[in-house]
Structures are given as structure tokens and as C-alpha cells.
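Have a look at the structure below before the remarks.
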Amino acid sequence: MAESKRTSLNDNMSLAELASVRGDASEPGDLAFIERPLPGKTGNAVFGSDVIAEALRAVGVPYVALNPGASYRGLHDSLVNHLGNEAPTILLCLHEEHAVAIAHGYAKVTGKAMAAALHSNVGLFHGTMAIFNAWCDRMPVLVIGATGPVDPAKRRPWIDWIHTAKDQGAVVRHYTKWDDQPPTAEAARESIYRAAWIAQTTPMAPVYINLDAGMQEGRLEESPPPLDAARYCPPALSAPAPSPLAQAADLLRSARNPMILAGRVSRCPKAWDERVELAERLQARVATDLKIGASFPTDHKLHVGAPGVFPGGEVLGALREADVILSLDWVDLGGTLRAAFPGAMPVGKVIQVSMDHTIHNGWSMDHQAQPAADIYLAADPDTAVPLLIEAVGIAGRAPAARTATAAAVAAPDPGGPLAVEHLAFGLRQALGRRPVSLLHLPLSWNGAWWPFNHPLDFLGSDGGGGIGGGPGISVGAALALRESGRLPIAICGDGDFLMGATALWTATHYRIPLLFVIANNRSFYNDEVHQERVARMRDRCVENKWIGQRIADPDVDIVKLARAQGAVGLGPVISQMDMLPAFENAIRAVEAGAVAVVDVRVEPGYTPAMSASVTRSQS
Ligand SMILES: Cc1ncc(C[n+]2csc(CCOP(=O)(O)OP(=O)(O)O)c2C)c(N)n1
Ligand SMILES: [Mg+2]
């Protein structure tokens with residue numbers, strides 16, 4: 001292994017020293033320079049796993065995030081000694097959940113699948129929640145698994161038997177788009193081509209390929225004939241059929257008060273501009289969603305309310321006034337319409353643009369409530385929007401007016417309590433005009449605090465509501481943003497951060513700059529809100545809501561957790577006064593190539609809309 005240039009950070013290290021230590025962090029290109037193997041023999045594929053490694057390269061997988069395991073020691077060797085740990089490059093993770101979450105975060109930025117390799121059944125078990133998160137978020141991940149040897153004669157006593165399972169794919173079949181257990185190396189190559197193709201075709205989702213350890217380690221009699229991956233993975237675009245497209249255009253053209261729900265769309269700036277153009281031509285109001293990445297400028301005059309995890313009153317009001325509702329794959333169209341029209345059908349006509357129906361299954365309810373849809377455009381929104389612009393044919397375009405005022409945030413009050421709102425204000429102030437990407441936000445966030453003006457300004461949430469995904473997803477997103485010129489920022493709840501904290505190490509080890517800000521209310525506060533609700537419903541003691549919820553006595557030393565993994569740890573910040581210098585130092589450290597974590601001790605609290613939605617109370 002190449003000697004690491006980096007020494008460990010300590011409390012006394014100045015930022016200048018830090019920058020020199022981290023000088024290699026900004027080295028361009030891939031990360032292969034960090035764990036560079038000694039050169040060995042090169043040549044044709046000799047073992048089954050050599051063919052598999054070549055297939056991963058052929059479909060363009062840039063990284064394999066993994067926690068190692070003997071079930072795929074064959075593939076591990078092929079990645080290192082046959083391909084030289086380049087294209088793909090291994091990213092070592094301290095937990096399989098992080099490996100999948102990192103691939104998930106990478107996909108949130110790029111729309112492309114990287115691989116996560118999970119050891120036999122046990123590694124797969126660890127990875128399941130992150131696979132579910134990526135599934136619900138409709139993000140592609142190539143999950144590589146292993147089992148066996150399937151041939152009992154090749155199994156070592158005990159350990160190979162407990163780590164061999166029949167139909168291992170059954171563990172994740174209900175929340176992957178496709179899975180396979182190819183019997184030969186040649187079949188495995190085809191399987192990887194198919195997996196990459198399926199995963200990256202809308203609706204995107206994780207796929208799982210389980211590789212027999214015996215097949216990986218088997219010596220080949222001859223290399224399989226070449227197979228050009230490009231010819232087996234054609235882009236499969238989903239465009240709307242002409243007739244429903246024309247009907248949708250007719251409805252939109254004659255609408256007096258149209259509304260667009262801008263849902264699951266890509267990070268493509270051109271597609272962003274086209275959505276803005278469609279809204280401006282129609283003079284349609286637009287709502288966006290904090291569950292998914294930024295989909296429309298939130299300070300545009302046509303944007304309604306603030307983006308939220310649950311639609312707020314302004315959005316529901318606008319839906320009630322709309323005569324035509326155009327959903328661009330809105331995550332929960334059925335639930336949103338039910339909230340706007342309780343016990344009744346929507347008044348306006350509904351046009352749904354989505355391919356999501358093609359992966360709904362009988363196990364998971366993540367397909368959400370069945371929405372009313374008068375016209376269904378079975379299409380990818382990015383493909384449908386320019387066709388809708390053309391078909392609607394409304395000439396001219398209103399100027400791209402923005403609301404005059406920036407998003408509202410609380411004025412600083414140095415002596416006052418520190419709420420998440422002040423955290424947002426302080427961070428924006430410290431950042432100034434730097435281009436940033438928010439990779440993750442805590443449950444206590446209010447979408448009004450931070451405007452989004454580019455598809456990479458915000459990447460959305462974890463998808464499946466699986467807490468602990470935030471840190472890993474953020475590391476993967478920061479990895480993808482390394483060359484973007486954007487400062488990557490993850491704001492995590494303390495509960496979320498503590499569950500996924502060791503994902504940090506992968507970022508420090510591979511020199512992936514990233515700023516974590518922890519909205520630390522020392523509680524799994526979401527569930528305090530639930531216990532309060534139950535106590536009120538049952539007329540019991542509300543004051544006991546903290547029991548089994550508060551993460552205090554002792555307070556977890558988040559700063560030390562960060563430093564222990566080679567990150568810069570700052571805080572705990574306990575007053576508004578201390579916040580700005582801590583953020584400024586952290587930003588400088590990240591700009592010098594570091595991972596920085598700022599522990600901000602905030603008062604517990606959610607927005608009224610969030611509290612009401614969490615507990616389904618009307619108040
Ligand atoms: C894996 C997992 N475990 C438990 C939960 C239930 N849960 C939902 S939110 C939450 C609290 C999260 O705490 P934190 O990140 O600190 O955010 P806070 O609610 O305090 O703002 C919990 C435990 C979950 N969604 N996922
Ligand atoms: Mg908390």
C-alpha cells in the first residue's frame with residue numbers, strides 16, 4: 001500500500017498546517033492514488049472474478065464501496081491485482097450500510113450507479129436499510145453480493161456453511177429492481193451489463209447480483225469472447241405516447257389556473273430550465289418537495305410556499321384553486337391530493353407524468369396512495385417536459401421574475417436560545433456567496449430558510465426514512481461533487497449522525513472534502529413529538545415524553561467522534577455568538593480539503609406543519 005502523506009489531526013493544528021497536510025486532497029482525477037497497488041502481472045482474465053471485474057469497468061462503474069469479506073475475496077483480488085484498483089477504485093467503508101449509502105449519495109448527484117460490495121448474507125443484512133432507502137428514493141446502485149461456494153465440496157467447514165444461503169437475493173428482492181445469481185463467469189458478465197442497464201433506466205433503483213465464491217475463484221479454461229457493453233446497455237428513454245400528450249397539452253393550454261407539482265426529476269440544468277420555461281409559459285404555480293432534490297427555483301414568483309417534507313397550507317390551498325394539476329412524478333401524489341381534498345376527489349383535472357407504476361410491487365407500500373389521474377403520461381418527466389412545451393405551443397414567455405426578498409430567516413439574537421433556524425442563518429452568513437450543495441437536511445428543517453436555484457443546490461432526503469443514512473449518503477454525494485466547485489454541506493440530526501457516524505472515516509481516508517453540521521438537540525426528538533401526542537390522546541403525563549428519547553447523561557462528544565476519524569471537530573457551539581467563528585473555521589478547513597464537523601447544540605423543536613404531519617394531528 002502507498003504510504004499515506006497525511007498525519008493525524010489534533011486539537012492544536014492550525015488551519016494553515018491543516019491545508020498543507022491535506023495538500024493531496026485536491027489532487028484531481030480519481031482516488032486510485034490513495035491505495036495504489038504494486039504493479040503485478042497484467043494480461044487476459046484468468047479467473048472468473050477477473051471477468052466480473054472487467055465487466056464492472058466495461059459498464060463504467062467508477063467506484064466499488066465495500067466492507068471486505070471472504071465470499072468475494074476472488075473479486076477483491078481481481079479489482080486490485082487484475083485491474084490495478086483503477087476504474088473501478090475500491091472505497092473501504094466501516095459498515096456495509098455506509099457502502100450502499102455512499103453509492104446512493106453518488107447517484108443523487110450523477111444519476112449514475114456505482115457499486116457497493118456486500119459480504120455473503122451477513123454483509124447483505126447490514127446493507128438492507130440503505131438498499132431500501134435507495135429503492136424508495138429511486139436511485140441506482142449496483143449491489144454486488146456473494147455466497148458459497150455453492151458447491152458443498154468446495155466449502156470450508158463451518159464458516160462457509162453459515163455464509164452460504166439459497167436464494168440470497170430473496171433478502172432484498174422486494175426492494176430491488178432485479179436480482180440474479182449467475183452460475184458462470186460469462187453469465188456474470190451479462191448479468192452485470194443487464195444490472196447496470198436496468199438500474200439506470202427510469203424508474204431507477206438498486207439491483208443485486210449474487211456471485212458464487214466458487215465461480216469467482218475458478219480458473220478459466222479460456223477468456224470469454226469480447227462483448228461490447230455499449231451495445232448491450234442502450235439508453236432507454238420513456239417518452240409519452242402522442243395521444244395522451246396532445247390531451248394533456250389541450251388541458252394545460254386552456255387552463256386558467258394550472259399548477260405543477262415538481263417531483264422526481266434529474267439534476268440536469270437543461271431540464272431545470274425547461275421546467276421553468278413550461279411554468280412561465282403556462283403561468284402555472286409550482287410546488288417543490290424537501291424529500292427529493294431541488295426541482296424548481298424556490299424564490300421564483302411562481303413557486304408556492306416553501307418546500308417541505310409534507311406539503312404546507314399554501315400548497316394545499318393552491319391545489320384547491322387549480323383547474324389543472326400537472327404532477328412531474330410527485331412522490332406522494334395520492335396523499336397530497338387527499339390532504340388538499342379530504343374525503344373528496346380533486347376538483348381540477350390531474351395529469352400524472354411518471355414511470356413509477358412499472359416497479360410497484362405487492363410487498364412495499366412505498367408506491368403511496370393511488371392518485372386520481374385523468375391523464376397518465378407514462379414517461380420520464382425530463383423527456384416529457386420539452387414535448388409538453390412544444391405541444392402546448394403557447395407563444396412568448398413571461399420574464400423570469402424572482403421574488404424580491406430572500407428566504408426569511410430569524411434575525412440573530414446573540415443572547416437568545418439557539419434554534420435550528422439560527423443555525424441556518426449563521427451558516428448562510430458564514431458561507432456568503434459561495435456556491436454550495438446541501439446534501440442532507442434534518443427533520444427540523446424549514447424549507448423557507450434556504451433558497452434553491454440550481455438542481456445541485458439541494459439533493460433531497462434519504463428516500464426510505466431510514467435514519468442513519470444521512471452521513472453515508474452525504475459522503476457519496478460529496479465524492480461526486482469533488483470537482484464541481486461547490487462546497488458540500490450535510491446538516492444532520494444528532495440521531496441520524498450518531499447512527500451513521502463512521503461513514504466519516506471513508507471521507508477522511510479518501511480525502512473527500514465535506515462539511516457536516518450537526519443540529520444536535522440531544523434527542524431522537526421526532527419520537528418525543530410522538531410520545532407527547534400519545535400522552536395527550538390518553539390524557540397522560542406529557543412531561544415524560546423525553547424518557548427513552550434523550551441522548552444525554554452523558555452527552556455524546558461529537559467533536560471527539562469526528563477527530564477520532566481524522567476530521568476537524570469544532571464545538572460544541574452553545575450560543576449564537578460562537579456559531580459564526582466555528583462555521584468560518586469549518587468552511588476554511590473544508591476548502592483546504594478536510595472533512596469538518598461542527599456540533600451545534602440546538603433547542604428541540606419542529607415547524608408546526610412538521611409536528612402536525614408527524615403525528616397526523618390537525619393543529
Ligand atoms: C432506522 C430507523 N430507526 C428509527 C427510526 C424512527 N425515527 C424517526 S425520526 C427519529 C429521530 C431522529 O433523530 P434526529 O436525527 O436527532 O432528529 P430529531 O428528530 O432529533 O430532529 C427516529 C428515531 C427511523 N426512522 N429509522
Ligand atoms: Mg435529535
Side-chain angles (χ1 to χ4, degrees), residues 95-98 100-101 104 125-137 172 175 290-291 308-310 364-366 417-424 438-447 449 460-474 489-504 516-534 545-559 561-562 571-574 597-616:
H95 195 295
E96 287 85 352
E97 198 173 289
H98 308 335
V100 178
H104 178 181
F125 294 150
H126 260 185
T128 50
M129 187 198 82
I131 297 173
F132 181 72
N133 271 348
W135 163 264
C136 293
D137 205 22
V172 291
Y175 44 101
L290 275 190
K291 294 193 288 302
V309 170
F310 298 97
S364 174
M365 298 296 123
D366 72 273
L418 211 172
V420 185
E421 191 173 0
H422 301 110
L423 180 161
L438 293 184
L439 316 179
H440 190 73
L441 290 173
L443 297 164
S444 45
W445 197 258
N446 180 335
W449 295 338
S461 80
D462 49 47
I467 297 291
I473 289 170
S474 303
I489 304 172
I491 309 175
C492 295
D494 51 324
D496 181 42
F497 182 76
L498 290 172
M499 280 197 208
T502 55
L504 220 70
F516 277 105
V517 176
I518 314 306
N520 184 1
N521 54 21
R522 281 151 294 157
S523 172
F524 291 106
Y525 180 71
N526 175 81
D527 292 86
E528 285 196 49
V529 178
H530 281 290
Q531 294 318 127
E532 177 174 337
R533 171 82 175 142
V534 173
K545 67 176 183 174
W546 63 276
I547 293 176
Q549 310 279 0
R550 291 280 166 93
I551 313 170
D553 189 23
D555 285 358
V556 179
D557 194 333
I558 285 177
V559 169
L561 273 180
V573 173
I574 52 170
V597 180
V598 187
D599 176 2
V600 184
R601 301 286 168 93
V602 293
E603 299 283 318
Y606 280 176
T607 61
M610 185 66 173
S611 297
S613 301
V614 163
T615 57
R616 276 196 295 154

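In what follows, residues are counted from 1 in the order of the sequence shown. Reckoned from all heavy atoms, side chains included, excluding hydrogens, waters and symmetry mates. First listed ligand is number 1; within each ligand, the first listed atom is number 1.
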Legend entry - Any Pro442 heavy atom less than 4.0 Å to ligand 1: no

Legend entry - Minimum-distance protein heavy atom relative to atom 21 (O) of ligand 1: Tyr606 OH, 3.3 Å

Legend entry - Ile467 N/O to ligand 1 N/O under 3.5 Å: yes

Legend entry - the Mg ion (ligand 2): protein N, O or S atoms that are less than 2.8 Å away, sorted by chain: Asp494 OD1, Asn521 OD1, Ser523 O

Legend entry - Geometric N/O contact Asp494 with ligand 1, under 3.5 angstrom: yes

Inset, instruction - Could you check atom 15 (O) of ligand 1 against the protein and tell me its nearest heavy-atom contact, residue, atom and distance included? - result: Asp496 N, 3.0 Å

Legend entry - Side chain Asp462, main chain Asn133, donor-acceptor under 3.5 Å: no

Inset, instruction - Report, in ascending order of atom number, the atoms of ligand 1 lying under 4.0 Å from any heavy atom of Leu443. - result: 9 (S), 19 (O)

Legend entry - Option whose closest heavy atom lies nearest to atom 22 (C) of ligand 1, chosen from Val602, Asp527, Asn526: Asp527

Legend entry - Ligand-side contact atoms (ligand 1) for residue partner Met129, heavy atom cut-off under 4.0 Å: 1 (C)

Legend entry - Exercise: identify the closest heavy-atom pair between Ser444 and Val420: OG-CG2, 3.5 Å

Inset, instruction - Spell out, as yes or no, whether a donor-acceptor pair under 3.5 Å connects the side chain of Asp494 to the backbone of Arg522. - result: yes

Inset, instruction - May I ask you to identify the nearest protein heavy atom to atom 3 (N) of ligand 1, giving residue, atom name and distance to one decimal place in Å? - result: Met499 CE, 3.9 Å

Legend entry - Partners passing side chain to side chain donor-acceptor pair (under 3.5 Å) against Asp137 (at least two apart in sequence or in another chain): His104, Lys108

Legend entry - Interatomic distance, Ser461 atom OG to Leu439 atom CG [nearest 0.5 angstrom]: 13.0 Å

Legend entry - Spacing of Lys291 atom NZ and Leu441 atom CG [to the nearest 0.5 Å]: 13.5 Å

Legend entry - Trace of the salt bridge (charged side-chain N to carboxylate O under 4.0 Å, His left out) decision for Asp527 with Lys545: CA-CA 8 Å; Asp527 292 86; Lys545 67 176 183 174; over 6 Å; no

Inset, instruction - Begin with the C-alpha distance, continue with both residues' side-chain angles, and end with the deciding distance and a verdict on side-chain contact (heavy atoms from CB on, under 4.5 Å) for Phe497 and Ile491. - result: CA-CA 9 Å; Phe497 182 76; Ile491 309 175; over 6 Å; no

Legend entry - Asp496 versus His440, side-chain donor and acceptor atoms under 3.5 Å: yes

Inset, instruction - Give the numbers and elements of all ligand 1 atoms closer than 4.0 Å to a heavy atom of Asn521. - result: 18 (P), 20 (O), 21 (O)

Legend entry - Atoms of ligand 1 close to Gly495 [distance to a heavy atom under 4.0 angstrom, numbered from 1]: 13 (O), 14 (P), 15 (O), 16 (O)

Inset, instruction - To the nearest 0.5 angstrom, please state how far the CD1 atom of Ile558 sits from the CG atom of Leu498. - result: 5.0 Å

Legend entry - Between CD on residue Gln549 and OG on residue Ser523, distance to nearest 0.5 Å: 6.0 Å

Inset, instruction - Report yes or no: does Gly465 have a heavy atom closer than 4.0 Å to ligand 1? - result: yes

Legend entry - Atoms of ligand 1 close to Tyr525 [distance to a heavy atom under 4.0 angstrom, numbered from 1]: 18 (P), 19 (O), 20 (O)

Inset, instruction - Determine the interplanar angle of the Tyr175 and Phe132 rings, folded into 0 to 90°, and report it as parallel if under 30°, tilted if 30 to 60°, perpendicular if over 60°. - result: perpendicular

